[in-house]
Amino acid sequence: MTNNAKVPFVDLVTIHHELESELLAVCKKVFETAGFIGGPEVEGFEKEFAEYCDVKYCVGVNSGTDALRFALTAAGVRPGDVVVTVPHSFIATTEAISQAGADIEFVDIDPSTYTMDPQKLRAFLETACALDVTTGRYIHKKLGKPVTAVVPVHLYGQMADMDPIMDLAEQYRLVVIEDACQAHGAEYFSKKENRWLKAGSVGRAAAFSFYPGKNLGACGEGGAITTNDEALARQSAMLRDHGQSKKYYHDIEGYNGRLDSLQAGILRIKLRHLSRWNEQRRAAAKIYDELLNPLEDSVVRPVESSLAKSVYHLYVVRTKLRDDLQKFLTDAGVGTGIHYPIPIHLQVAYASRGWKRGDFPNTEAAANEILSLPMFAGLTPEQQKQVADNVSQFAASLAVR
Ligand SMILES: Cc1ncc(COP(=O)(O)O)c(C=O)c1O
């Protein structure tokens, strides 16, 4: 590779090319039966993904957003409840909370891992909530509504610090729904349980997205709920299918939120490669860490907690000169992204809630400084060297300014 070959932010063409014959064969199989909705591919995928996540049940749905919405509703979140999450996420996290009928409340992130800071959650619950002795629920003092759930987001492939979050949830009677949309296969070492836990197996339920760019991506839309709770799984399965318990018997009003057979068949094939792809991402992260180490005065590398095994959905560096670095890399042919440039509490969509700049300083600082470098299974060490060389050139250009 020459020194100025282009490095894409993500390459979704090559892995599909490598699996082409298997993927086409499964599509042909589905075409031959014309069983496009439900059926053996969906059931097979649900069984295999449940095993992968170390849970009893998986319910395939049509997106990560619906997975979150159905999981919240099936876990008992009702209109008028308050659900706590972080403002440093993709807006789908809060859309799902609103669509479940609940009010959103935020706590800030830990500035090094970018995931929910359990101390901030504790402070929120201790100061902003009060016990209603008649119901035994904790009430959001300002909103006058019960706080019933918390949604930690396992961002960039790294799980949130789940032990203290689970402890607080138990103490304050909150349901925990993991947003695992960026964390297929990620792990967390629970000191309480003295073992590694898989993303999707810790809370009451979890939501996964199979948007094409995810570590496990469909060739279209897809999502899943994982849980050990049989009733929650059954309720989620009804919600995704117009509230049916059996054909044309609608016990509740639901949604059209099914995972289709073509996507399920494709996901089954790709799932067999997920552990290997995640290892490739971890190896690539290590290479970046080494290459960028000498540049630590210019860019901050991602921090992997000692309690986490990240699957590096994204490799996110940080610098106060983020916009300049991004432009420099774009000009050099290196693709980058910003995940996410506007904190959710400052999005126009939530202007009526009255959140303002300064409310969640760790999130706001991150949004101004983070930059996602190219990261995907199949990224080569040569490509990574080029990215690091370009970052180094950027740092050197500052020194001579
Ligand atoms: C953290 C997070 N939550 C939720 C979602 C929503 O998933 P989907 O796009 O499949 O609806 C995404 C996907 O981008 C995500 O990254």
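Throughout, residue positions are numbered sequentially from 1 according to the sequence presented. Remember, it's 1-based here, ligands and their atoms both numbered in the order they're listed.
Nearest protein heavy-atom neighbour of atom 14 (O) of ligand 1: Lys214 NZ, 2.8 Å. Here the protein heavy atom with the shortest distance to atom 3 (N) of ligand 1 is Asp179 OD2, 2.8 Å. The closest protein non-hydrogen atom to atom 16 (O) of ligand 1 is Gln182 NE2, 2.9 Å. Of all protein heavy atoms, the one closest to atom 9 (O) of ligand 1 is Ser209 OG, 4.0 Å. In this structure, atom 11 (O) of ligand 1 lies nearest to the protein heavy atom Thr65 OG1, 2.4 Å.
Near Tyr340, meaning under 4.0 Å from one of its heavy atoms, ligand 1 places the atoms 16 (O). Ligand-side atoms of ligand 1 in range of Ser89: 1 (C), range being under 4.0 angstrom from any heavy atom. Residue contact check: Cys181 has heavy atoms under 4.0 Å from atoms 2 (C), 3 (N), 4 (C), 5 (C), 12 (C), 15 (C) of ligand 1. The ligand atoms of ligand 1 that sit less than 4.0 angstrom from a heavy atom of Thr93 are 3 (N). Residue Ala92 has at least one heavy-atom neighbour below 4.0 Å for each of these atoms of ligand 1: 4 (C), 5 (C), 6 (C).
Backbone and side-chain nitrogen or oxygen atoms of Phe90 are examined, and none is located within less than 3.5 angstrom of a nitrogen or oxygen of ligand 1.
Salt bridge status for Asp66 with Arg69: present, with a side-chain N to carboxylate O gap under 4.0 Å. In this structure, Glu22 pairs ionically with Arg272, as a charged nitrogen and a carboxylate oxygen lie closer than 4.0 Å. A salt bridge links Asp167 with Lys192: the distance from a Lys NZ or Arg NE/NH1/NH2 to an Asp or Glu carboxylate oxygen falls below 4.0 Å. Using a 4.0 Å cut-off between charged side-chain N and carboxylate O, Arg137 and Asp132 make no salt bridge.
A ring-centre distance under 6.0 Å is not found for Phe106 and Phe124. Taking the six-membered ring for Trp, Phe49 and Phe208 have ring centres closer than 6.0 Å. In this structure, His345 has its ring center no closer than 6.0 Å to that of Tyr350.
Heavy atoms from other residues, nucleotides or ligands lying under 6.0 Å from CZ of Arg276 number more than 12.
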